[in-house]
Amino acid sequence: MSPAMSSKSVGGWHDGYVVDVPYIEPITPDLCPAWLSMVCVLNGQPPLPIDRPLVWAELGSGSGVSACMVAAANENLEVWGCDFNPAHVERSRELARSSALSNCSFDEASFEQVANDPSIGPAEVDIVIVHGVYSWVSAANQRHIMEFIRRRLRPAGLAYVSYEVPTGWASMVPVSEAMRLHVEADGRRSDLAFPDALASIQRLEAGGAQCFPLGPNEQHQLDNLPDADVRYAVHEYLGSHFGPLMFDQVADSMAGARCSFVGSLDPVDHVPNFWVGPGLEELVQGTGDTVLREMIRDLAGQQALRRDLFRRGMAPSSFPQREKWWNDLTIVGLGKEFVEGATVQLPAGEAALELDFYEPLVAELHKRPLSVA
C-alpha cells in the first residue's frame, strides 16, 4: 500500500478498524491457563482441569505472539487464533511455523464468519480470549463474539474479555474522535498521518480550548502519546467503532452466553485496599450485588481498562474444596533479585515493599517453587 492510500481507499472490508498498519506484537503472559486457573481459585472456583488436553481460542489474535507463547508453554494445549486482517494471519502462521509449534493454528476470518460457520476453528473450546478487541469493534461484531462463546464454550469453560471503561475514558473519547477524523481527512497511511493529528490536539490544548485539562487518567494518556509506538496509537485511538463499555453492559452480554463473572485478571484487584483509597473500602465492599460493586469500584479508581474473567456455569464449592485448590497452587520465582527500596504502583497509590518481608521470600523462591502454605 503506498503512503498516499488510506485503508478506506482499498475497499470497505476493514469494517471501521485500522488495517493499513499492522498492530504491535505484545506478549500477554496472563492469558496462560495457569494464570486463569489462579484467578479462578482466588475467587472460589475450581482451576482448569489438567487431566485432559484443553482447547484455547483467541478471537482477534493479531500477530499471534501471545497465542504462540501459550502454545509453546503448554504442549498439551490446542491453540487456535483468528483475525480478519490477512497481514496479521500471515505473521501468525510464520511465527508458529518458525517456532515448530504443531499445536498452534490460525485462520483468516471475521467474527461474523466464526460465529456462523462451525467449520472454522475448533468445535468446542475450554478457553476463549478476547483481548484488546471488544470495545473497538461494532455492536454487530460484539454480538458475533458473544454468539461464538455461546455456541462453542464448553460448560465450566472460561472466557476472558478486556475492554475500555468510560470511567477512565470519558473525556478522551471526543479527543480520540477528533484525531480519527483528522487522519481520515489527511488521506495518508494512518501511522504517517497520526503525528499531525496529535499536533492539532496539542495546539487546541495550548490555545486554551475549554475541554482541557482532561480527567487525570485521560490527561496522562494524552501527555504520553508523543512517546507511544505509533502502531499502537493508531489502533488504540483511530477505530471508527471505538466505544468504552461499563461492566454491567459486558456482564449482561456474557449472561446471554450463560457465563458469569469470576473476577479480574489482575490479582491486586482482589484486595480492596490496593485499588481504592482510605475511607472507600467499606463503600465498595458494602454491597452484595456484583454489578453495583464493580461499578462503584470503577468510579472510585477511575478505571480505564477492565480485564474480566467469566465462567460458563459457576461451580458450588465448600471450604475444604477451596482450601485444597489453594494448597494445590505452586508459586515459581522468575530469578529476579529483590531491589531494596522497591515500590509498586497500585491504583490506590504507591506501595513500598518492606525489605525484611520480601527479601527472604524472594531468596527462597530462587531455590525452589513454593506452595501457598
Side-chain angles (χ1 to χ4, degrees), residues 24-32 34-43 66 69 131-132 160 162-165 167-172 213-229 232-233 236 247 263-285 293-294 296-309 326 329-373:
I24 58 174
E25 300 187 350
I27 293 177
T28 312
D30 46 9
L31 303 181
C32 282
W35 191 277
L36 302 180
S37 285
M38 179 195 68
V39 174
C40 287
V41 171
L42 286 174
N43 289 278
S66 291
M69 173 205 66
H131 181 56
Y160 161 69
S162 69
Y163 54 98
E164 303 288 7
V165 189
T167 47
W169 259 94
S171 61
M172 190 64 181
L214 306 179
N217 282 359
E218 295 96 318
Q219 190 65 46
H220 181 74
Q221 288 184 57
L222 183 61
D223 292 344
N224 283 278
L225 265 182
D227 299 321
D229 188 318
Y232 162 81
E236 182 81 357
F247 171 75
S264 167
L265 241 64
D266 193 335
V268 302
D269 286 351
H270 302 275
V271 185
N273 289 347
F274 286 167
W275 46 262
V276 294
L280 294 177
E281 302 97 325
E282 185 178 347
L283 177 63
V284 174
Q285 296 297 97
R293 183 192 69 234
E294 295 301 305
I296 294 174
R297 181 193 121 183
D298 290 347
L299 286 168
Q302 206 199 359
Q303 190 82 2
L305 175 70
R306 287 193 65 102
R307 305 188 307 148
D308 291 342
L309 186 64
W326 267 100
L329 290 178
T330 300
I331 301 166
V332 180
L334 298 178
K336 295 183 178 181
E337 297 294 332
F338 180 79
V339 179
E340 185 174 359
T343 60
V344 175
Q345 191 62 44
L346 301 169
E350 194 173 74
L353 303 182
E354 296 179 12
L355 184 68
D356 291 346
F357 179 83
Y358 285 99
E359 191 172 45
L361 180 62
V362 171
E364 196 65 27
L365 281 169
H366 281 178
K367 302 174 187 175
R368 59 190 174 96
L370 298 177
S371 68
V372 171

Between [X] and [Y], is any pair of side-chain heavy atoms under 4.5 Å apart?
X      : Y      : result
Glu294 : Ser264 : no
Leu370 : Leu361 : yes
Leu36  : Leu265 : yes
Ser66  : His131 : no
Leu353 : Phe338 : yes
Gln345 : Thr343 : no
Glu218 : Gln302 : yes

For the pair Gln219 (side chain) and Pro213 (backbone), establish whether a donor and an acceptor sit closer than 3.5 Å, ignoring hydrogens and angles.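 No; judged by distance alone, with no hydrogens or angles, the pair does not exist.
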Using atom types as modelled and distance alone, determine if a side-chain donor or acceptor of Ser162 lies under 3.5 Å from a backbone N or O of Gly132.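 Between the backbone of Gly132 and the side chain of Ser162 there is a qualifying donor-acceptor contact (under 3.5 Å).
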Nearest-0.5 Å distance, [atom1] of residue [X] to [atom2] of residue [Y]:
X      : Y      : atom1 : atom2 : result
Leu214 : Met172 : CG    : CE    : 6.5 Å
Glu164 : Gln303 : CD    : CD    : 10.0 Å
Leu329 : Ser371 : CG    : OG    : 9.5 Å
Thr167 : Arg297 : OG1   : CZ    : 9.5 Å
His366 : Leu334 : NE2   : CG    : 9.0 Å
Asp266 : Phe274 : CG    : CZ    : 10.5 Å

Which heavy atom of [X] sits nearest to which heavy atom of [Y], and what is that distance?
X      : Y      : value
Gly168 : Asn217 : O-CB, 4.2 Å
Leu346 : Ala351 : CD1-CB, 3.7 Å
Ala304 : Trp169 : O-CD1, 3.4 Å
Leu355 : Pro360 : O-CD, 3.7 Å
Ala233 : Leu225 : CB-CD2, 4.1 Å
Trp326 : Val372 : O-CG2, 3.3 Å

Ion pair present between Arg307 and Asp269, side-chain N to carboxylate O less than 4.0 angstrom?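 The answer is no: the pair does not qualify as a salt bridge.
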Tell me whether Glu350 at atom CD has more than 12 heavy atoms from other residues, nucleotides or ligands lying less than 6.0 Å away.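 Yes, the 6.0 Å shell around CD holds more than 12 heavy atoms from other groups.
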Run the side chain to side chain contact (heavy atoms under 4.5 Å, CB included) test on Glu359 and Glu340 for me, step by step, so that the C-alpha distance in whole Å, both residues' side-chain angles and the decisive distance to 0.1 Å come before the verdict. CA-CA 8 Å; Glu359 191 172 45; Glu340 185 174 359; over 6 Å; no
